[in-house]
Amino acid sequence: MTQSKSENPKKTAGGKKGQGSTQKVRLATVWLGGCSGCHMSFLDLDERLIDLAAAVDLVYSPIADVKTFPEDVDVVLVEGAVANVDHLELAEQLRERSKIVVSFGDCAVTGNVTSLRNKIPVDDLLTKVYHEGPGAVPRGGETDKVVPALIPRVLPLHQVIPVDAFIPGCPPDPERIWTAVSALLAGEPVVLEDRMRKFG
Amino acid sequence: MLCVLAHKDWDFLSIAKETLAMQPPRTRTQREVAPAEHPSGDPRFALIDRTLKRFRFQQDALIEVLHTAQEAFGFLEEDLLLYVARQLKLPPSWVYGVATFYHFFSLKPQGEHNCIVCMGTACYVKRAAEIVATLQAAYGIEAGHTTPDGKFSLNTARCLGSCGLAPVLIVDGEVLGRETPEGTLAAVQAAVAGKAAPKVAVSANGVDEEVELP
Amino acid sequence: MAVITVTINDELVSGRTGQSLLELVRERGIDLPTLCHLDGLEERGGCRLCMVEVGATNRLAAACVTPAQEGMVIYTHSERLVRYRRMILELLFAERNHVCAVCVMNGRCELQREAYTIGMDHVRYDYLTPDLPMDASHERFVIDHNRCILCTRCVRVCDSVEGAHTWDVMGRGVNCRVITDLHQPWGSSRSCTSCGKCVQVCPTGALHAKGSSVAEMVKHHDFLQWILDGREKKQWATRNGDPVEGGR
Amino acid sequence: MNRADLQTMAQREQEKQARFQCRLLCCASTPCLSSGGAAVQQALQDAIKESEASAEVAVVSTGCMGPCSRGPVVTVQVQGEDDVYYENVTPETARQIVADHALAGQPVQEKLLPSDLPFFAKQTKVVLSNSGLIDPERLEDYVARGGYLALAYALREMTPEEVCVEISQSGLRGRGGAGYPTGLKWDLVRKAPSDKKYVVANGDEGDPGAYMDRTLMESDPHRVLEGMAIAGYAVGAEQGFIYVRGEYPVAAKRLERAIRAAERRGLLGSRVLDSSFSFRIDIRIGAGAFVCGEETALMASIMGRRGQPVPRPPYPAQSGLWGHPTLINNVETFGNIVPIIEHGAQWYAGIGTEKSKGTKIFALAGKVENTGLIEVPMGITLREIVFDIGGGIPDGREFKAAQTGGPSGGCIPPQFLDTKVDYESLKALGSIMGSGGLIVMDDQSCMPDVAKFFMEFCMDESCGKCVPCRVGTVQMYRILQRITDGSATLQDLENLEDLCTMVRETSLCGLGQSAPNPVLSTLKYFRNEYEDHIERRTCEAGVCEMTEVPVMALVEELPRRIRAAA
């Protein structure tokens with residue numbers, strides 16, 4: 001199940017385009033099973049966002065109105081764990097279409113809070129939440145395509161697709177994000193110092 | 001896991017009794033002391049007391065004492081563990097830790113009828129897993145568990161050491177060799193229904209019977 | 001005590017007979033990760049983080065339980081050792097539900113610290129997510145089995161320092177669990193003196209003070225040396241001469 | 001009792017046995033009893049009584065004769081003739097044997113086992129030389145075959161040091177699996193300074209599929225006791241323990257009786273054989289924990305504690321039971337002592353290979369015609385064991401692998417069938433000698449599934465003390481489970497191999513250190529099977545059902561399943 005390909009990613013975002021190229025890095029951010037806290041922390045980059053905006057094209061993100069994951073992405077930051085079939089599909093798609101996939105935040109890296117449901121079988125979980133809870137709905141809704149089926153266990157991203165870099169933290173603080181993102185933009189491997197690898 | 005064996009077929013107690021009878025004179029003074037009775041008056045505690053005395057209340061004898069306790073009571077309930085802990089002057093958590101470490105000791109009562117399927121390598125190679133799966137499906141319990149009505153316990157054993165007869169299992173003390181899933185199910189159903197196992201097999205208890213020379 | 005010479009990471013080091021490799025290595029200021037070891041408690045040799053390469057054969061030995069011997073050649077941070085340590089930490093994170101984000105010891109947890117120090121930024125193995133209880137029946141303390149790494153520091157401190165032996169380990173293998181008395185609610189334990197030593201020595205958030213919230217729990221180990229020095233040497237001062245803060 | 005008394009006893013018993021014209025030896029070991037041995041014995045006795053032949057024909061209840069799958073086995077000894085074996089004896093055959101063979105001298109042809117059967121011909125009985133020939137419950141039977149003379153000889157003619165030298169020179173190595181030189185170990189304990197020492201016989205034979213020790217304890221308990229007493233004399237111990245696996249009640253009972261009988265005659269206890277040497281033996285019954293086969297865990301268990309290993313050093317030879325020097329040997333190792341003292345180190349060293357001396361008992365089981373207990377000289381080839389002694393694979397199937405060493409060992413493929421069986425050769429193949437289980441597998445066995453079987457065993461039996469074994473075995477098991485249910489990826493295989501090396505090198509005790517062996521050896525010789533399972537989701541042997549899918553395939557699979565359930 002574990003699919004992480006490389007411990008120390010050799011692949012770099014800036015590398016191919018070469019230094020001094022005028023073409024911007026195509027950056028995407030994705031929100032899977034998480035609380036969006038990582039994205040909030042990302043926005044907390046504050047004035048550094050201006051530098052970032054100058055260096056990247058944000059081609060896909062929950063904070064941008066893009067419907068489908070585009071082709072030819074350089075770097076994608078993925079927040080959240082893989083919890084349902086939609087996440088699986090998107091994960092596969094983003095892996096195919098991106099050079100560098102980064103697990104962004106504890107949910108993507110470890111499963112974190114999202115995976116707390118793993119000790120409960122999916123059926124029991126659905127019954128408890130949707131069929132026995134207030135405003136109970138009849139069974140069968142989960143077969144509808146509109147509600148994506150929950151996979152049996154919530155998985156960290158690297159157990160689904162190969163991941164090139166990890167930014168732990170719940171959420172990762174802006175310093176970490178900036179260290180990682182600036183490394184990626186400079187075409188260097190992501191190396192976080194000790195404290196920046198701390199989970200939680 | 002194998003606790004069923006321990007209290008059904010295995011004769012630790014008689015070994016203990018015989019050994020007791022054979023103690024060298026130096027422990028005689030201790031044996032003459034009247035056994036301190038358990039407040040409940042349950043005579044089975046006297047059996048435990050005998051083992052305790054045989055080992056002169058040494059803490060090292062914990063496993064021997066637990067063997068006797070399980071033999072006498074069928075399983076080790078909390079009260080019993082506490083009694084053993086007090087007698088040996090051991091912390092309760094120590095006794096509990098030891099009792100749960102070994103497969104033999106059971107802290108839950110076992111079913112009226114039981115089936116132990118050998119899962120040793122030879123039996124595994126001859127597909128004992130299919131027998132377990134069949135029984136699990138038929139009774140809706142996992143191996144190591146008892147049906148809610150307390151009628152039947154399904155257990156697996158590491159190796160019964162009868163590899164030549166693989167796959168081997170024991171239904172209520174009867175050793176059955178070279179079994180099939182269907183045959184086992186029939187034997188178990190018969191046992192649970194209170195009938196004798198349909199297959200003629202020699203009682204495993206036979207191994208404990210004395211055969212004196214002419 | 002005879003003086004012996006040991007080669008650590010190609011450097012000659014002198015030590016005394018009876019010292020463990022761990023002591024010797026730490027005396028040299030080399031940081032060797034440990035979890036089950038705690039100064040003042042009997043060694044266990046269970047976490048296997050302090051493994052070092054010994055001799056020409058490159059056999060691995062746990063430094064905490066290996067006596068230093070004259071002429072030993074050891075390496076503490078070979079590529080293989082670091083790789084294995086990381087794997088062991090990953091195994092620990094995968095074993096129970098260590099969700100750092102919602103843990104009272106977040107930021108001060110020894111497991112968490114060893115993980116980021118060694119460079120572990122993700123876990124490659126299946127999270128086992130066992131369904132484990134929390135016991136808050138004690139008046140002052142809580143045991144959360146989800147965070148327990150079975151280092152048994154609590155068992156050892158309770159037995160050898162407090163002398164109550166309230167704690168022990170039940171079961172075996174991955175089903176092991178620390179228990180109080182007859183596996184009963186901690187609050188109902190009759191042997192527990194509520195001294196809190198177990199809580200102080202616990203490396204993770206498994207044992208914590210009731211009422212502490214995420215990242216709030218602070219633990220002190222100094223009391224252990226304080227008690228042991230007092231008991232054995234009748235010296236009532238810590239290394240820097242001050243009474244301990246958290247010792248109680 | 002002294003040496004002269006011993007000889008008188010032997011003589012009297014020999015004369016008594018000679019009075020019978022015919023002796024019917026009836027196996028009373030667990031496998032034969034499980035297939036109806038007790039009824040056969042009863043039938044033999046009844047038939048003799050009915051024909052009023054009690055004076056001429058005797059029925060002897062003995063230990064194991066070897067061919068366990070053919071049980072119940074009965075041997076007919078007629079004076080002046082070769083022994084004749086009968087297989088699958090029923091009470092009816094038993095009566096016929098008495099009537100036709102014992103009384104009329106006409107062997108019953110249909111259940112006859114040919115005496116030139118390679119099963120017997122290729123064996124060399126050293127440790128099992130009494131097994132199947134004596135009544136294990138009678139001291140006199142053992143003494144009649146020279147029992148306790150080795151002890152008497154050692155006590156009278158040899159110093160403890162000389163005993164250790166003799167054992168060293170014999171080249172005997174530990175039969176528990178690791179093969180540590182026995183003489184060296186004895187000498188270490190002998191030299192260890194202490195006023196109290198212990199001797200422990202390890203009869204916690206936990207390997208599934210192995211029952212050599214049980215058979216020895218059941219069939220010839222006195223030999224083990226005598227070996228222990230000689231060891232006690234050699235190392236300076238006055239107390240011995242036999243740790244008997246809890247699953248072996250018959251062995252425990254026979255040993256208990258043997259100890260009592262020996263004590264009564266002054267062969268054990270204080271002042272053994274009127275010498276100044278005293279030696280007591282106590283039995284400890286195990287309670288079901290494979291890890292207790294590890295010596296430090298075994299000692300913890302003897303002391304009534306959780307059977308968790310402790311780091312070595314200190315080794316038991318320095319600090320063992322209750323902190324005193326302790327000699328721990330396998331039951332089978334102790335079974336080798338008497339013949340060495342009896343016939344001399346030179347004789348013993350003449351059997352076997354250069355580095356592995358003597359014989360080894362194997363429990364031959366699995367997909368092979370003749371399953372049972374065999375004793376073969378070291379250096380015999382696997383082919384001879386499987387095809388000559390074992391009679392080959394039944395139903396015309398193909399030999400696929402021989403598994404030795406149980407959960408700590410490995411699978412040996414057909415291309416190594418001509419390997420000589422000794423400690424070094426088996427180790428070089430990625431397996432181990434182990435305690436002596438030898439399971440033959442045919443093409444219906446799936447190797448990843450076999451590896452999973454052993455890993456599950458190790459996972460269940462891990463004591464939980466050290467992290468690599470406690471959690472590593474679970475992780476390895478889960479990967480193997482995915483491989484056999486069709487949901488694994490190639491990355492899993494890589495992780496599995498990494499875990500194997502790490503767990504092997506970092507675990508605290510032998511259980512963890514050897515737990516990866518079954519995986520590593522099957523990966524070495526049957527890697528294609530693993531790859532077939534992962535890449536093609538097929539199981540050639542038809543064992544694995546492949547009911548799961550890799551996680552990415554859940555996108556299609558999951559809605560399908562939900563619809564099917566609705």
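Values below: all heavy atoms of this structure, side chains included; hydrogens, waters and symmetry mates excluded. Predicted, not measured: the structure shown is a model, and the values here were computed from it. Chain letters run A, B, ... following the sequence lines, proteins first and then strands; every chain starts at 1.
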(Q) Using side chain to side chain donor-acceptor pair (under 3.5 Å), reason through C:R156 and C:S160 one step at a time and then give a plain yes or no. (A) CA-CA 6 Å; C:R156 287 175 284 159; C:S160 67; over 6 Å; no

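In this structure, D:Y477 and D:D460 have side chains that are not in contact, with every pair of non-hydrogen atoms separated by 4.5 Å or more.
If you tally non-hydrogen atom pairs under 4.5 Å between each of C:N175, C:L49, C:L150 and chain D, the highest count goes to C:L150. Counting heavy-atom pairs closer than 4.5 Å to chain C, the top-ranked of the candidates D:R312, D:Q475, D:Q308 is D:Q475.
Using a 4.5 Å cut-off between heavy atoms, C:D168 touches chain D through its side chain atoms alone. Looking at C:I149, the atoms closer than 4.5 Å to chain D (heavy atoms on both sides) all sit in the backbone: N, CA, C or O. For D:T473, no part lies under 4.5 angstrom from a heavy atom of chain C. For a residue to count as touching a neighbouring chain, one of its non-hydrogen atoms must lie under 4.5 Å from one of that chain's; by this rule D:L499 touches chain C with backbone and side chain alike.
A donor-acceptor contact shorter than 3.5 Å is absent between the side chain of C:Q200 and the backbone of C:K197.
Among C:E42, C:E43, C:R44, the one residue that satisfies the side-chain hydrogen bond (donor to acceptor under 3.5 Å, both in side chains) test with C:H37 is C:E43.
A salt bridge does not link D:R527 with D:E535: every distance from a Lys NZ or Arg NE/NH1/NH2 to an Asp or Glu carboxylate oxygen is 4.0 Å or more.
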